[in-house]
2 protein chains.
Amino acid sequence: MPDRQDGYNPGKYPPFAVTVDIVLMTVVDGDLRVLLIQRGEGPFEGGWALPGGFVLPHENLDEAAGRELLEETGIRPDQGYMEQLGAYGEPYRDPRMRVVTVAYWAIAPRLRKAPSTPAAAARPEAKLLFFSREAPAAAARAPSPAEMESTAQQWKSKIRAGGDAAYAEMVPLAEIQSGRLSLAFDHRRIVDDAVDTLRARLETTTIAQGFCPPEFTIRELQEIYEAVWGTRLDAGNFYRDMVRRKGSLTPTESRTPSGEQGGRPAKLWRAGESPTFDRPYYRSPGRTRRRRRRDEDDDRPR
Amino acid sequence: MPDRQDGYNPGKYPPFAVTVDIVLMTVVDGDLRVLLIQRGEGPFEGGWALPGGFVLPHENLDEAAGRELLEETGIRPDQGYMEQLGAYGEPYRDPRMRVVTVAYWAIAPRLRKAPSTPAAAARPEAKLLFFSREAPAAAARAPSPAEMESTAQQWKSKIRAGGDAAYAEMVPLAEIQSGRLSLAFDHRRIVDDAVDTLRARLETTTIAQGFCPPEFTIRELQEIYEAVWGTRLDAGNFYRDMVRRKGSLTPTESRTPSGEQGGRPAKLWRAGESPTFDRPYYRSPGRTRRRRRRDEDDDRPR
DNA sequence: GCAAAAGTGTTAAGAGTACACCCATGC
DNA sequence: GCATGGGTGTACTCTTAACACTTTTGC
């Protein structure tokens with residue numbers, strides 16, 4: 001606490017800068033990805049870093065994180081999910097001054113997979129999504145209900161070719177954790193912590209649905225779990241396990257526009273009223289056999 | 001991140017004070033308690049608050065929390081367990097200036113219960129432990145191995161009668177959560193968050209042992225779980241469940257100095273090599289039937 | 001018809017729970 | 001002997017995990 005009997009008095013305190021950094025995660029084609037920006041100046045110029053910025057004097061930490069998310073991606077915090085991760089404050093993590101960063105992690109809904117064979121869609125090095133960092137004023141205005149309806153449309157309108165000095169990109173987590181792509185400051189550690197927390201949250205809450213479009217199939221939800229946990233799950237058991245949990249899913253009348261070259265159309269579901277499961281869905285050891293490799297695709301023989 | 005393309009440059013950033021606050025918890029006679037200090041000056045003078053202080057320019061957040069814990073209680077962080085909880089930064093949480101607090105929670109081992117009938121020991125409003133906040137220099141020096149051996153002795157040497165303006169006290173959590181005792185700033189919320197996290201950690205880690213003396217019985221460990229979770233557990237099942245988990249407990253040759261008015265002497269155990277369980281010990285609904293009231297004492301008929 | 005994907009049934013193994021019961025001590 | 005608390009046995013229930021099987025579509 002600020003003032004106490006140990007020699008400090010108000011006004012004579014060590015001044016710090018306080019920033020927020022955001023680990024925005026999404027799942028694209030079975031890959032967990034993280035939003036990174038390429039730094040345009042300063043230390044680590046040209047390096048990859050988490051989006052973030054200073055906390056302003058009048059706003060609290062959650063508001064600062066929500067504002068930064070909106071400014072950088074056009075995503076409003078209430079469209080997905082956002083939660084504080086923790087504070088990071090090594091003395092020389094920023095070489096210029098003493099900075100304490102409060103990290104947040106957030107979830108962005110994904111675009112629905114384009115109708116085509118899954119094999120074709122997954123393979124040809126699926127194009128990364130680029131988010132413009134320009135025109136923050138336009139991005140900051142509140143979206144209309146129609147705009148909110150389809151986040152996919154919002155995103156598409158912001159995608160550009162990239163290649164500019166400072167841009168943002170959804171980078172596969174594997175690129176970061178394998179070390180092929182290294183991050184500025186202590187952001188690698190922040191990303192690791194965020195992923196750990198996300199993995200744990202999937203056990204007790206329904207936030208995995210936040211990665212999905214407003215209406216989704218149980219199979220799509222399963223793909224989120226598999227991407228985040230890095231495991232394969234039994235489709236039949238997963239279906240029952242999710243539907244059995246009360247309050248987490250609302251059934252819909254509609255079904256998927258039916259399969260490409262066959263397959264039974266899947267029921268569509270909406271998020272339930274409860275943000276948590278009535279009973280946790282644990283990654284038990286038997287359930288989570290390690291997944292081999294991205295794009296080895298499947299365990300089943302053909 | 002500090003410098004970016006959005007109008008900020010280094011040196012022109014909103015200055016904040018950064019502090020650490022510590023939720024030090026212990027279990028005394030089946031009660032989960034929290035260390036509070038009574039404020040000697042400033043806002044909330046005379047009110048109860050968490051111990052804490054400013055982060056110094058040269059130290060990181062963990063070091064600041066460890067230093068504060070040592071200064072305020074004489075407990076070295078490596079004697080128990082300490083973990084960051086999160087950051088709290090509402091704009092006017094401190095009326096004097098903009099302060100962001102990074103909260104930590106920590107565990108202190110408890111004194112072994114004095115040999116007497118459990119009923120007698122539990123009832124007569126067991127005396128609270130008082131920690132002196134004076135002579136910080138003495139408290140700050142590194143304790144010798146002999147001193148470390150018995151934390152109980154360290155504590156006793158610091159206990160004083162209390163009644164002074166600024167002192168510290170282990171307050172039962174129930175006093176805080178019932179609202180009978182209200183805390184300064186947003187410290188009530190921080191305490192609640194710390195307890196939630198502690199409860200969750202008991203499921204997957206062996207830190208409950210941190211509340212126990214170096215050698216302890218399974219029954220003592222069970223009492224920790226019951227105090228923290230606020231439940232009753234079946235003694236027979238708990239015994240097996242804990243002993244079954246590999247790596248969490250090391251057997252000892254010794255036994256308890258044998259019962260007071262009978263009873264089979266209990267085996268003594270030490271902490272195992274693993275800080276986490278091989279399989280989590282969940283508070284499943286059946287296991288955690290709600291406990292009635294503190295000091296109604298027991299469910300069994302007599 | 002066949003292939004593919006959604007959804008259901010069945011079963012064996014194991015974890016969780018309740019509770020009876022035996023064991024080792026003090027008095 | 002009796003009381004007390006430590007530790008073990010046992011039976012029943014429920015969840016998990018594997019996998020066979022049925023349903024509904026496209027071609």
Side-chain angles (χ1 to χ4, degrees), chain A residues 113 115-121 203 216-223 231-245 249 251-252 254-269 277-289 297-302, chain B residues 113 115-121 203 216-223 231-245 249 251-252 254-269 277-289 297-302:
Chain A
K113 213 176 340 198
S116 63
T117 76
E203 294 187 311
F216 52 88
T217 68
I218 304 294
R219 195 65 176 73
E220 286 174 323
L221 189 61
Q222 181 187 341
E223 281 163 15
T231 59
R232 309 251 80 162
L233 300 169
D234 181 276
N237 291 332
F238 185 85
Y239 187 94
R240 250 180 324 219
D241 286 345
M242 282 299 143
V243 172
R244 196 172 30 168
R245 276 155 229 267
L249 290 168
T252 309
S254 26
R255 300 179 158 268
T256 47
S258 98
E260 285 84 41
Q261 73 268 53
R264 178 173 171 175
K267 282 183 202 154
L268 282 169
W269 304 75
F277 288 132
D278 55 350
R279 182 166 15 110
Y281 181 73
Y282 295 117
R283 341 160 228 189
S284 21
R287 189 133 64 194
T288 64
R289 20 194 176 129
D297 215 321
D298 232 63
D299 286 10
R300 280 167 288 159
R302 308 221 144 232
Chain B
K113 212 177 337 198
S116 63
T117 77
E203 294 187 309
F216 53 89
T217 68
I218 302 295
R219 194 67 175 72
E220 285 174 322
L221 189 61
Q222 181 186 340
E223 282 163 15
T231 59
R232 308 249 82 162
L233 300 169
D234 181 276
N237 291 333
F238 185 85
Y239 189 93
R240 250 181 324 220
D241 287 343
M242 283 298 143
V243 171
R244 196 171 28 168
R245 277 156 227 267
L249 291 168
T252 310
S254 24
R255 301 177 158 268
T256 47
S258 96
E260 285 82 42
Q261 75 269 50
R264 178 173 168 176
K267 283 182 203 158
L268 282 169
W269 303 76
F277 288 132
D278 55 351
R279 178 167 17 109
Y281 181 73
Y282 295 117
R283 340 160 228 189
S284 22
R287 188 134 65 194
T288 64
R289 17 188 180 134
D297 213 324
D298 233 63
D299 287 8
R300 279 165 290 160
R302 307 227 144 230

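Any value given below was found using the heavy atoms of this structure, including those in side chains, with hydrogens, waters and symmetry copies removed. Chain A is the first sequence line, chain B the second, and so forth, proteins listed ahead of strands; every chain is numbered from 1.
For the pair B:Ile218 CD1 and D:dT8 C1', the interatomic distance rounds to 14 Å; values are reported in whole Å. Rounded to whole angstrom, the span from the CD atom of A:Glu203 across to the P atom of D:dT16 amounts to 12 Å. The interatomic distance linking A:Phe238 (CZ) with D:dA18 (C1') rounds to 17 Å, in whole Å. Rounded to a whole Å, the NZ atom of A:Lys267 is 14 Å from the C1' atom of C:dA5. When the P atom of D:dT16 is taken as reference, atom CZ of A:Arg232 falls 21 Å away, rounded to whole Å. D:dT8 atom P lies 15 Å from atom CE of B:Met242, rounded to whole Å. The CG-P distance, from A:Asp234 to C:dT8, rounds to 14 Å in whole Å. Between A:Tyr282 atom OH and D:dC14 atom C1' there is a gap of 15 Å when expressed in whole angstrom units.
Distance from the side chain of A:Tyr239 is smallest for C:dG7 among the nucleotides D:dG7, C:dG7, C:dG9. Picking from C:dG9, D:dT8, C:dA6 the nucleotide with the shortest atom distance to the side chain of A:Arg264 gives C:dA6. The side chain of A:Asn237 lies closest to D:dC19 when the candidates are D:dC19, C:dT17, C:dG7. With C:dG7, D:dT25, D:dG7 as the candidates, the nucleotide lying closest to the side chain of A:Pro265 is D:dT25. Residue A:Arg279 has its side chain nearest to D:dT15 when only D:dT15, D:dG6, C:dA18 are considered. Of the listed nucleotides (D:dG6, D:dT15, C:dC19), C:dC19 has the atom at the smallest distance from the side chain of B:Arg240.
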> Between B:Tyr239 and B:Lys267, does a side chain to side chain contact (heavy atoms under 4.5 Å, CB included) hold up when you go through it step by step?
Replying inline: CA-CA 11 Å; B:Tyr239 189 93; B:Lys267 283 182 203 158; 3.9 Å; yes
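Of the side-chain N and O atoms in B:Ser284, one or more sit less than 4.0 angstrom from OP1 or OP2 of C:dT17. At D:dT16, none of the side-chain N or O atoms of A:Arg283 fall inside 4.0 Å of OP1 or OP2 (strictly under the cut-off).
Using a 4.5 Å heavy-atom threshold, the side chains of B:Ile218 and B:Leu249 count as touching. Annotation: side chain of B:Phe216 is not in contact with side chain of B:Thr252 (no heavy-atom distance under 4.5 Å).
DNA chain C is contacted by both A:Gly236 and B:Pro280; A:Gly236 maps to the nucleotide lying nearer its 5′ end (nearest heavy atom per residue).
In this structure, B:Arg245 contributes its side chain and B:Arg279 its backbone to a donor-acceptor pair below 3.5 Å. Panel note: side chain A:Arg283, backbone A:Glu203; no donor-acceptor pair is recorded below 3.5 Å.
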